[in-house]
Amino acid sequence: MKPLEELTLETRAILGLQLPTDPRWVDLAEKSLEDILTDHAYCEQKAATSCISLIQRYNQKEKLVNELAPIVTEEWGHFRLVLAELQKRGLKLGRQRKDEYVNGLNEFCQKGGSEEGRLLDQLLMMAMIEARSCERFKRLSDGLNDQYMKKFYRRFMESEAGHYTLFIELAETYINKEKVRKRWNQWLEHETEIMRKLETRGDRMH
Ligand SMILES: [Fe+2]
Ligand SMILES: [Fe+2]
């Protein structure tokens, strides 16, 4: 998995999120560490469980199974890192909140129709979450004052950049590249609408 800086221009361009995070978000997040770490912990947990679901659903797609199996371990490792960070600071893992961002993305997923279309949307939704998370981690890594936390988030940023490209590559393994590109652009537009509607809150990763 490559760090963001080493990605090809084409890959970076496809990352292409249309709406950068509101710069005030980093200041808000800095003031609500327990909440933001709790929310982050659940994001990692959901990333692991989503990969498990994909493996169960697409058991016959060998490349998908083989590529996602280690990601489950990695995402779970991320969850444990965040949990350890909370505990080290005497903070508590709070309750899981309603994830409006992910719910909004989920609404855009093709539910019926061809299997190909459904697979494509599931992979692109995962890529979308990874891409936005990567952007958010970059904001934290660049914008926080605390040197330790800057490095802490940088590690996640690099990892999620690798995941984002993996999900796009998986989509291109099973589906025509043109179709993938076209649908990705629609996802980018949909994600921009969600981001516009969501309130900027320091206790949310998204
Ligand atoms: Fe992760
Ligand atoms: Fe990830």
Side-chain angles (χ1 to χ4, degrees), residues 1-7 11-12 14-17 21 25 29 33 35-58 63-88 93-94 96-97 99 101-106 109 119-142 144 148-173 184 187-188 191 194-195 203-206:
M1 311 228 171
K2 295 176 185 167
L4 194 59
E5 285 73 12
E6 286 175 26
L7 298 177
T11 312
R12 279 212 235 176
I14 203 182
L15 191 71
L17 300 172
T21 290
W25 176 72
L33 196 61
D35 288 334
I36 198 83
L37 285 173
T38 288
D39 195 53
H40 179 182
Y42 287 116
C43 288
E44 300 294 356
Q45 208 180 87
K46 279 179 273 182
T49 53
S50 298
C51 288
I52 293 174
S53 300
L54 283 169
I55 290 171
Q56 291 169 340
R57 211 168 299 149
Y58 299 104
K63 183 175 158 78
L64 181 148
V65 172
N66 289 341
E67 299 276 356
L68 292 188
I71 306 296
V72 174
T73 315
E74 200 182 328
E75 301 292 19
W76 195 254
H78 288 170
F79 169 71
R80 295 183 63 190
L81 278 174
V82 183
L83 186 63
E85 200 56 42
L86 276 164
Q87 288 169 347
K88 192 181 89 184
L93 176 69
Q96 188 176 1
R97 49 100 188 174
D99 196 333
Y101 177 72
V102 169
N103 291 346
L105 291 178
N106 200 26
C109 272
L119 170 65
L120 177 59
D121 273 356
Q122 284 171 58
L123 293 174
L124 293 187
M125 177 169 154
M126 293 296 283
M128 196 77 248
I129 299 170
E130 297 286 0
R132 179 57 75 184
S133 302
C134 175
E135 192 255 1
R136 291 255 150 153
F137 290 133
K138 181 162 177 22
R139 296 271 151 189
L140 291 170
S141 178
D142 290 347
L144 290 176
Y148 174 86
M149 289 313 275
K150 280 166 106 69
K151 277 198 203 132
F152 177 78
Y153 285 116
R154 190 168 173 87
R155 189 169 163 187
F156 290 101
M157 180 201 94
E158 288 171 359
S159 184
E160 310 313 357
H163 296 171
Y164 151 75
T165 47
L166 172 66
F167 282 109
I168 297 282
E169 274 168 28
L170 278 177
E172 289 177 343
T173 303
W184 178 248
W187 271 97
L188 285 171
E191 202 256 358
I194 297 175
M195 291 303 289
D203 58 351
R204 301 279 196 265
M205 266 316 296
H206 302 107

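Numbering of ligands and ligand atoms starts at 1, following listing order. Computed from a predicted model, the values in this text were never measured in an experiment.
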Asks: Ignoring waters, how many protein N/O/S atoms are under 2.8 Å from the Fe ion (ligand 2)?
Replies: 5
Asks: Can His163 and Glu74 be said to form a side chain to side chain donor-acceptor pair (under 3.5 Å), step by step?
Replies: CA-CA 10 Å; His163 296 171; Glu74 200 182 328; 3.1 Å; yes
Asks: Below 4.0 angstrom, N of the basic side chain to O of the carboxylate: do Lys138 and Glu135 qualify?
Replies: no
Asks: Got more than 12 heavy atoms from elsewhere within 6.0 Å of CZ, Arg97?
Replies: yes
Asks: Applying side-chain contact (heavy atoms from CB on, under 4.5 Å) to Phe167 and Leu68, what does each step give before you reach the verdict?
Replies: CA-CA 9 Å; Phe167 282 109; Leu68 292 188; 3.7 Å; yes
Asks: Give a yes or no on this: more than 12 heavy atoms of other residues, nucleotides or ligands lie within 6.0 Å of atom NZ of Lys150.
Replies: yes
Asks: Checking side chain to side chain contact (heavy atoms under 4.5 Å, CB included) between Phe137 and each of Met205, Arg132, Arg154, Glu158, which is the one that passes?
Replies: Met205
